[in-house]
Amino acid sequence: MKNKNYLLLTLIITVALGFSALICYATDLVIESKNQSYSESENKIKFDGDVNVKLDDLRIVGESADVTVINNEKLDTATFYDKPYAYENKANKKREVKANILKVSLIKKTVRAEGETQTIMFDGKTPVAVVNADVQEYNTKTGIMTAEGNITITYKDVKAFSDSAEFKTTKEGDLRDIKLEGNAIVKSEEHEVYADKITFNAKTNYFIASGRTNTKAINKDGSVLNLYSDRQEFNQITNFYNATGNVKIYYEDYFAEGPKIVIYPNKITKKPDTIYFVGRSSISQGVRTIFADKIMMSTNPKNFKAEGNTRTVIKNVTDSGDSDMGLGL
């Protein structure tokens, strides 16, 4: 039983929670619990009461746990019950996971957290990323974590929401890519992005939104620029936008639409400032609509310039009761 318990926990530590590889086989493994037992009829090893696993900087704490034993005493799935808590401290980084149930597949090398799950990654004492979901699963082979159901994410100063999510990490455990699908929302102090799908590269700070996309750029004066399109790309560092497919912009009394736009920020305020429409586009203000091959629209000061085959349409220039205008012929 002693050898079996030692093997069990060694394998658990190896794959648990997607933490970086910590196993050093010369390191002492410490297992504490009030009771440990083995049920041959159930093919399970059980740990009950204040289960505490220690190996170097890694800790797993829970009230009870068991592991399924399959053919030839091969260990399959370790399950921690009653709101287990796992955490790792390494150098200046910390990662912790909380859930109602934690399942570790020793064959598939995956960790599945179920029920009120939360993963927190720290840089020093500062939480860098917090992920809440109904279910989270980490694959230690690929470094990919997925989440499902009621997802909320806080990453630095950005908040995000979606129905499902996928996270890719580096070997050091840092976030690399985030993919949100289903009612995806990303919010910061200055921007709100809504789309069917949003991807984010943590290294380049680059967003790509696709499918019924809507971005709200919020200015300090409270004015909002609403951008709708099929696809949008945004660099969070440079505040550079581009959008393609059925592009529509609403800004105060302006309404503009076209096939493609590029938005450049103000060099001082870094806010969206100059908008270039590429391809046959139009801009409306009040009763006037201008069509052109290219349109440049500025938000501060608010003005626009149209170039290439321009055409202006002004609606309702005369009342319905007035006679037709002409040269008296």
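Worth saying up front: this structure is predicted, and the values here are computed from it rather than measured.
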### Query
Can you find a heavy atom in the side chain of L227 that is under 4.5 Å from one in the side chain of V247?
yes

### Query
Taking atom NZ of K260 and atom OG of S281, what is their separation to the nearest 0.5 Å?
11.5 Å

### Query
Side chains of S64 and D82: is there a donor and an acceptor less than 3.5 Å apart?
yes

### Query
So, K98 and E116, do they make that salt bridge, N to O below 4.0 Å?
no

### Query
Under 4.5 Å between side-chain heavy atoms, hopping through other hydrophobics if needed: is there a path connecting I153 to I120?
no

### Message
Less than 3.5 Å apart, any donor N or O on the side chain of Y241 or N235 sitting next to an acceptor on the other?
### Response
no

### Task
For the pair R212 and D196, find out whether any cationic side-chain nitrogen is under 4.0 Å from an anionic carboxylate oxygen.
yes

### Message
As a quick check of understanding, evaluate side-chain contact (heavy atoms from CB on, under 4.5 Å) for K168 and E166, giving each step before the final call.
### Response
CA-CA 7 Å; K168 294 182 180 180; E166 179 182 282; 3.6 Å; yes

### Query
F255: which other cluster members, linking ILVMFWY side chains closer than 4.5 Å, directly or transitively?
Y228, Y250

### Query
So which heavy atom on L102 is nearest to which on P84, and how close?
CB-CG, 3.7 Å

### Query
Would you call T152 and T154 a side-chain contact if the rule is heavy atoms closer than 4.5 Å?
no

### Qualifying residues under salt bridge (Lys or Arg N to Asp or Glu O under 4.0 Å), relative to R176, sequence neighbours excluded
none

### Query
Excluding sequence neighbours, so at least two apart, what forms salt bridge (Lys or Arg N to Asp or Glu O under 4.0 Å) with E63?
none

### Message
If we count only N and O atoms by modelled type, under 3.5 Å, do the side chains of N214 and N226 hold a donor and an acceptor together?
### Response
yes

### Closest approach of A292 to E307 (non-hydrogen atoms, all atoms of both residues)
CB-O, 3.5 Å

### Query
Does any pair with a residue in residues 272-302 pass ring pair (Phe, Tyr, Trp, His ring centres under 6.0 Å), and if so which ones, sequence neighbours excluded?
Y264-Y276

### Task
Identify, with sequence neighbours excluded, every residue that meets ring-ring contact (aromatic ring centres under 6.0 Å, His included) alongside F207.
F200

### Message
With no hydrogens and no angle check, just 3.5 Å: does a side-chain donor-acceptor pair link Q136 and T119?
### Response
yes

## Note on the structure
On a heavy-atom basis, the closest approach of A99 and A113 is CB-CB, 3.7 Å

#### Entry: Heavy-atom pair of closest approach, residues S162 and E181
CB-O, 3.8 Å

### Whether over 12 other heavy atoms sit under 6.0 Å from K94 NZ
yes

### Query
Less than 4.5 Å apart, any side-chain heavy atom of I249 and any of M297?
yes

### Message
Looking at R112 and E137, is any side-chain nitrogen of the basic one under 4.0 Å from a carboxylate oxygen of the acidic one?
### Response
yes

### Task
Enter the distance from R59:CZ to E96:CD here, rounded to the nearest 0.5 Å.
14.0 Å

#### Entry: Atom pair CG/CG of D230 and N246 - distance to nearest 0.5 Å
4.5 Å

## Note on the structure
Exactly one of I185, V186, D163 clears side chain to side chain contact (heavy atoms under 4.5 Å, CB included) with L180, and that residue is V186

### Summary
The reported gap from CE in M296 to CD1 in I283 (rounded to nearest 0.5 angstrom) is 9.5 Å

## Note on the structure
Rounded to the nearest 0.5 Å, the OG atom of S33 sits from the CG atom of D48 at a distance of 7.5 Å

### Query
Can you list the steps and then say if T199 with K197 is a side-chain contact (heavy atoms from CB on, under 4.5 Å)?
CA-CA 7 Å; T199 60; K197 179 180 177 180; 4.1 Å; yes

### Query
Would you call I275 and Y251 a side-chain contact if the rule is heavy atoms closer than 4.5 Å?
no

### Query
With sequence neighbours left out, what residues match Y254 under ring-ring contact (aromatic ring centres under 6.0 Å, His included)?
F304

### Sidechain N-carboxylate O distance under 4.0 Å for R280, D293
yes

### Task
With sequence neighbours excluded, tell me which residues meet side chain to side chain contact (heavy atoms under 4.5 Å, CB included) with E233.
Y206, I208, R231, N242

#### Entry: Residues forming a side chain to side chain contact (heavy atoms under 4.5 Å, CB included) with A195, sequence neighbours excluded
I198, A209, T213

### Query
Looking at residues at least two apart in the chain, or sitting in another chain, which of them share a salt bridge (Lys or Arg N to Asp or Glu O under 4.0 Å) with R288?
none

#### Entry: G308 backbone acceptor or donor facing T310 side chain under 3.5 Å
no

#### Entry: Audit row: D134, I151, side-chain contact (heavy atoms from CB on, under 4.5 Å) steps and yes/no
CA-CA 7 Å; D134 293 337; I151 298 168; over 6 Å; no

### Task
State which residues pass ring-ring contact (aromatic ring centres under 6.0 Å, His included) with F167; sequence neighbours excluded, sorted by chain then number.
none

### Message
Before you tell me yes or no, could you show the steps for Y81 and D66 under side-chain hydrogen bond (donor to acceptor under 3.5 Å, both in side chains), namely the whole-Å CA-CA distance, both residues' side-chain angles and the distance that decides it to 0.1 Å?
### Response
CA-CA 9 Å; Y81 302 94; D66 62 41; 2.9 Å; yes

#### Entry: Note: K302-D253 ion pair, threshold 4.0 Å (strictly below)
yes

#### Entry: Selection residues 182-195 - residue pairs positive for salt bridge (Lys or Arg N to Asp or Glu O under 4.0 Å), sequence neighbours left out
E190-K271

#### Entry: Distance, nearest 0.5 Å, that separates NZ of K248 from OG of S229
9.5 Å

### Query
Shared ILVMFWY cluster between V128 and Y138, side chains joined below 4.5 angstrom?
yes

### Query
Can you tell me if S298 uses its side chain to pair, donor with acceptor, with the backbone of N303 under 3.5 Å?
no

### Closest non-hydrogen atom pair between P127 and V130, with its separation
CB-CG2, 4.3 Å

### Task
Sorted by first residue and then second, give each ring pair (Phe, Tyr, Trp, His ring centres under 6.0 Å) pair with at least one member in residues 92-137; sequence neighbours left out.
none

### Task
Report the C-alpha distance between N132 and N150 in whole Å, list the side-chain angles of each, state the deciding distance to 0.1 Å, and finish with yes or no for side-chain contact (heavy atoms from CB on, under 4.5 Å).
CA-CA 8 Å; N132 294 278; N150 299 307; over 6 Å; no

### Task
Please name the pair of heavy atoms, one in K44 and one in Y38, separated by the smallest distance, quoted to 0.1 Å.
O-CD1, 3.2 Å

